[in-house]
Number of protein chains: 2
Amino acid sequence: MNTTIALKKIRTFFRKQKRLPTYQELADLMDFASKNAAFKLAQKLISTGYLERDEKGKLIPKRLFAPLPHSGIVAAGFPTVAEEELSDLVSFDEYLVNNPDSTFILNVSGDSMIDAGIHDGDIVLIDRTQPVKNGDIVVASVDGEWTMKYYHKINGAVTLVPANKKYQKIHPKETLEIAGVVISVIRKYH
Amino acid sequence: MNTTIALKKIRTFFRKQKRLPTYQELADLMDFASKNAAFKLAQKLISTGYLERDEKGKLIPKRLFAPLPHSGIVAAGFPTVAEEELSDLVSFDEYLVNNPDSTFILNVSGDSMIDAGIHDGDIVLIDRTQPVKNGDIVVASVDGEWTMKYYHKINGAVTLVPANKKYQKIHPKETLEIAGVVISVIRKYH
DNA sequence: ATCGTTGGTGAACAAATGTTTACCCTGATT
DNA sequence: AATCAGGGTAAACATTTGTTCACCAACGAT
């Protein structure tokens, strides 16, 4: 009956083991005496969209970790956290990362981009294949030093602009190597 | 020998399937004709610390997605503390959401929290069960209007403080309803 | 030249796994 | 009172899986 508690147990199992339980293990987990009960449970979880099967029929997690209702805007009227609409459920992994193979994570240290809302301790996602456009925030190596700055190219001359008046603009002379473009900023409290 | 290329293939497999390959699959992946070759490969990957076995002897990833000596970026001082290869292992869903059942998403509109690095258009994760502490950013309904502000309670008197000098502090008189605590801020460019 | 190691093939096999089929109980519906 | 669906048990079974054993080719070091 309670798929919620089942999900909870499966989640903790997956967190620990980094894999989904077998039917036998799932049965144990749920105190079922029969594998088949686990099998049926899995079916239900698939039909409710929490799990799915790969090409070989094996169970893999789907929405297992991100079933978040996405309600409207803070401003007006707002929210009794309404009915959870499946269509609005979001996996952050999919939402944030378009190119998993070329994306990596950086921990931000320093306050040179604070006026862009990037604080010390934030996490930043970098795509190293994405083409750089003016106004993008990039991670770059200038004359041997790595920084994170706004990127501006005017008449062929690149300027790296910090988002903090305390720091200077940079006009790279010798080397300028772009590690990638900041595609996302994440901050977690607590 | 090519444990590097093996790791690469295993990684992409894991990213797609969200599970490790069986020995048969690993053999196929590596163009081995024999499962045993895969078995031995796995042994090696275990002894080199990339994989490990759980209590039941099943393979689980260990250092599979751990920080790699990626050229350049790690080296010189600035922005990076650690670089990690991105994987579904570090699922943002898991990382960001502790209590899936009580967490929901809001789109931020307005600039009243801009000095806290929360900009118009950002996405914010709210936990509605988490206890509110002083200094937390909360989503609250004051006298019928919903806002996002810092929460301060001094001698029983609650003050809601914006992170923008343009706006006034709020001393709720009548109703004060807290929808939840901001646990995370997400901004996506492009 | 030979020896030992590394990395692979191939076959074999017990145990575990996914899945099906049949049956049962309980609470709700009619 | 009869029926029905949901959620569980129990048993059965083909397939797959992990693992072992024996063997082999290539190669570097001795």
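Everything quoted here is computed from the prediction, not taken from an experiment. So that the names make sense, note that chain A is the first sequence line, chain B the second, and so on, each numbered from 1. Below, each value reflects all heavy atoms present in this structure, side chains not excepted, and no hydrogens, waters or symmetry copies.
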Visitor: Check salt bridge (charged side-chain N to carboxylate O under 4.0 Å, His left out) between B:D127 and all other residues, then give those that pass, not counting sequence neighbours.
Guide: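 Scan of B:D127 (salt bridge (charged side-chain N to carboxylate O under 4.0 Å, His left out), adjacent residues dropped) gives none.
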Visitor: Check every strand shown and say whether A:A37 touches a base, only sugar-phosphate, or nothing at a heavy-atom separation below 4.0 Å.
Guide: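 Base: the residue A:A37, judged by heavy atoms under 4.0 Å, touches a nucleobase.
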Visitor: Looking at C:dG10, does its base get a donor-acceptor pair with the side chain of B:S34 below 3.5 Å?
Guide: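 Yes, a donor-acceptor pair under 3.5 Å.
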Visitor: For A:L26 and D:dT9, give me the distance from atom CG to atom P, rounded to whole Å.
Guide: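 In whole Å, D:dT9 P lies 12 Å from A:L26 CG.
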Visitor: Provide, to the nearest angstrom, the distance between the CG atom belonging to B:L51 and the P atom belonging to D:dG18.
Guide: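 Roughly 12 Å, once rounded to whole Å.
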Visitor: Name all residues meeting the side-chain contact (heavy atoms from CB on, under 4.5 Å) criterion together with B:S34; count only those two or more places apart in sequence or in a different chain, and write none if there are none.
Guide: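 Expected list: B:N36.
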Visitor: Is A:I60 close to A:L51 at the side-chain level, that is, under 4.5 Å between some pair of heavy atoms?
Guide: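 No. Closest side-chain heavy atoms not under 4.5 Å.
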Visitor: For residues 148-158 of chain B, pull every pair meeting side-chain hydrogen bond (donor to acceptor under 3.5 Å, both in side chains), keeping only residues two or more places apart or in separate chains.
Guide: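 The answer is none; no pair qualifies.
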Visitor: Could I get the full list of side-chain contact (heavy atoms from CB on, under 4.5 Å) partners for B:I114, not counting sequence neighbours?
Guide: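 For B:I114, the residues satisfying side-chain contact (heavy atoms from CB on, under 4.5 Å) (neighbours in sequence not counted) are B:D111, B:H119, B:N164.
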Visitor: Take atom CE of B:M30 and atom P of C:dT9, then tell me their distance rounded to the nearest Å.
Guide: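 Taking CE of B:M30 and P of C:dT9, I get 11 Å after rounding.
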Visitor: If I take atom CZ in residue B:R19 and atom C1' in nucleotide D:dT16, what distance separates them, rounded to the nearest angstrom?
Guide: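 From B:R19 CZ to D:dT16 C1': 12 Å.
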Visitor: For nucleotides 17-22 of chain C, list the nitrogen or oxygen atoms of the protein found under 3.5 Å from its nitrogen or oxygen atoms, one pair per line.
Guide:
unit_1: C:dG18; atom_1: OP2; unit_2: A:Y23; atom_2: N; d: 3.1
unit_1: C:dG18; atom_1: N7; unit_2: A:K35; atom_2: NZ; d: 3.2
unit_1: C:dG18; atom_1: O6; unit_2: A:K35; atom_2: NZ; d: 2.8
unit_1: C:dT19; atom_1: OP2; unit_2: A:Y23; atom_2: OH; d: 3.2
unit_1: C:dT19; atom_1: OP2; unit_2: A:R53; atom_2: NH1; d: 3.0
unit_1: C:dT19; atom_1: OP2; unit_2: A:R53; atom_2: NH2; d: 3.4
unit_1: C:dT21; atom_1: O4; unit_2: A:N36; atom_2: ND2; d: 2.9

Visitor: Could you tell me how far apart B:L41 (CG) and D:dG18 (C1') are, to the nearest whole angstrom?
Guide: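 Value for this atom pair: 15 Å.
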Visitor: Can you tell me which residue pairs pass the side-chain hydrogen bond (donor to acceptor under 3.5 Å, both in side chains) test with a partner in residues 21-30 of chain B, sequence neighbours excluded?
Guide: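 Qualifying pairs: A:K56-B:E25, B:R19-B:E25, B:T22-B:E25, B:Y23-B:R53, B:Q24-B:D28.
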Visitor: Given atom CG of B:D28 and atom P of D:dT16, what is their separation to the nearest angstrom?
Guide: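 Going from CG in B:D28 over to P in D:dT16 covers 12 Å.
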